Peer 1: 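Sharing a structure, written as structure tokens. Questions coming.
Predicted, not measured: the structure shown is a model, and the values here were computed from it.
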Amino acid sequence: MGGRRSLAGFTGAGYDKGRGIAWQAAWQLASSLLVMPWFVPAKLRVKVLRAFGARIGDGVNFRSGVRVHWPWKLTIGDHAWIGERAWILNLEPVMIGSDVCISQGVFLCTGSHDRHSPTFEFDNGPITIEDGAWVAARATVLRGVTVGRDAVVGATALVTSDVAPGAVVLAPRASVRGAVESTG
């Protein structure tokens, strides 16, 4: 990059929201009232998501507090679990297979920016979570990633590249260094 970014020149090139502004506004209202609140039954959440274009299989458990940016860019297979406060920032398609567990607080982020672009244009990519995978609590999966069949992404892991089928990806553990001995 030859110089400083000029965000005033940002055009949003390369990002298609997929629906018009009225549909987007209707979704934001429906999401706030009928998808995210704790008192809304999971089956109703799924019906609302389907009404806005999500393709969701049978037996999906969709917990409270889940944020879905654009439901028309979301596909979920059968018997998947989507945990509380997961955030699916799907500027591009997110495909979640069958028997997948997306745990609490997981962040699936299809959006990014081109750091080489002087106007910081989008550099988005889809995310695929294949059948049987588990993305554990507070993990983050970034754009363009496929998490393979039966793979495990451990709690708080940051995933920036594909995870092979059956692989286990763990975040670094905290370690004690230079502990002070207690006198008692």
Peer 1: For the residue pair C109 and I127, what are the closest heavy atoms and their distance?
Peer 2: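 Minimum heavy-atom separation between C109 and I127: N-CD1, 3.5 Å.
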
Peer 1: Could you tell me whether the side chain of I76 reaches within less than 4.5 Å of the side chain of F62, counting heavy atoms only?
Peer 2: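 When only atoms from C-beta onward are counted, I76 and F62 do touch, with a gap below 4.5 Å.
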
Peer 1: List in chain and number order the residues that pass side-chain contact (heavy atoms from CB on, under 4.5 Å) with K17, two or more places apart in sequence or in another chain; answer none if no residue qualifies.
Peer 2: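 Listed in chain order: Y15, Q24, W70.
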
Peer 1: Any side-chain heavy-atom pair from V145 and L108 closer than 4.5 angstrom?
Peer 2: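 No, too far: nothing below the 4.5 Å cut-off.
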
Peer 1: Within the distance-only criterion (no hydrogens, no angle test), does the side chain of W27 pair as donor or acceptor with the backbone N or O of H69 below 3.5 angstrom?
Peer 2: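 The answer is yes, because a donor-acceptor pair under 3.5 Å joins these two groups.
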
Peer 1: Where does the angle between the aromatic ring planes of F120 and H113 fall among parallel (under 30°), tilted (30 to 60°) and perpendicular (over 60°)?
Peer 2: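 Because their plane-to-plane angle is under 30°, the rings of F120 and H113 count as parallel.
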
Peer 1: Got a sec, which residues hit side-chain contact (heavy atoms from CB on, under 4.5 Å) with R138, two or more places apart in sequence or on another chain?
Peer 2: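 For R138, the residues satisfying side-chain contact (heavy atoms from CB on, under 4.5 Å) (neighbours in sequence not counted) are T156.
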
Peer 1: Kindly determine whether R149 and E130 satisfy salt bridge (charged side-chain N to carboxylate O under 4.0 Å, His left out), including the steps that lead there.
Peer 2: CA-CA 5 Å; R149 184 181 194 92; E130 294 182 347; over 6 Å; no

Peer 1: Taking the side chain as every heavy atom from C-beta outward, state whether I96 and I82 have any atom pair closer than 4.5 Å.
Peer 2: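 Side-chain contact under 4.5 Å: yes.
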
Peer 1: Could you check whether D123 pairs with R143 (Lys NZ or Arg NE/NH1/NH2 to Asp/Glu carboxylate O, under 4.0 Å)?
Peer 2: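 Result for this pair is yes, salt bridge flagged.
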
Peer 1: Do V35 and V40 come close enough that some side-chain heavy atom pair is under 4.5 Å?
Peer 2: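 When only atoms from C-beta onward are counted, V40 and V35 do not touch, as no gap falls below 4.5 Å.
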
Peer 1: Carefully, step by step, assess T110 and L91 under the rule side-chain contact (heavy atoms from CB on, under 4.5 Å).
Peer 2: CA-CA 6 Å; T110 66; L91 307 181; 3.7 Å; yes

Peer 1: Applying side-chain contact (heavy atoms from CB on, under 4.5 Å), name anything that partners A42, two or more places apart in sequence or on another chain.
Peer 2: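 A42 satisfies side-chain contact (heavy atoms from CB on, under 4.5 Å) with R45, N61 only.
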
Peer 1: Do the side chains of F122 and T11 get nearer than 4.5 Å, heavy atoms only?
Peer 2: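 Result no, sub-4.5 Å side-chain heavy-atom pair not found.
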
Peer 1: When you compare the side chain of H79 with that of S98, does any pair of heavy atoms fall below 4.5 Å?
Peer 2: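 When only atoms from C-beta onward are counted, H79 and S98 do not touch, as no gap falls below 4.5 Å.
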
Peer 1: Is any side-chain heavy atom of D58 less than 4.5 Å from a side-chain heavy atom of D78?
Peer 2: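 With C-beta onward as the side chain, the pair touches.
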
Peer 1: Taking atom CE of M36 as the centre, does the number of heavy atoms from other residues, nucleotides or ligands within less than 6.0 Å exceed 12?
Peer 2: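 Atom CE in M36 is crowded, with more than 12 foreign heavy atoms closer than 6.0 Å.
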
Peer 1: Measure from the side-chain N and O atoms of E121 to the backbone N and O of A13, and report whether any donor-acceptor pair falls under 3.5 Å.
Peer 2: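 Yes; at least one donor-acceptor contact below 3.5 Å.
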
Peer 1: Looking at every non-hydrogen atom in both residues, tell me the closest pair between V147 and A133 and how far apart they are.
Peer 2: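 Heavy atoms of V147 and A133 come nearest at CG1-CB, 4.0 Å.
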
Peer 1: Does CH2 belonging to W81 count more than 12 external heavy atoms closer than 6.0 Å?
Peer 2: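 Not more than 12 within 6.0 Å, no.
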
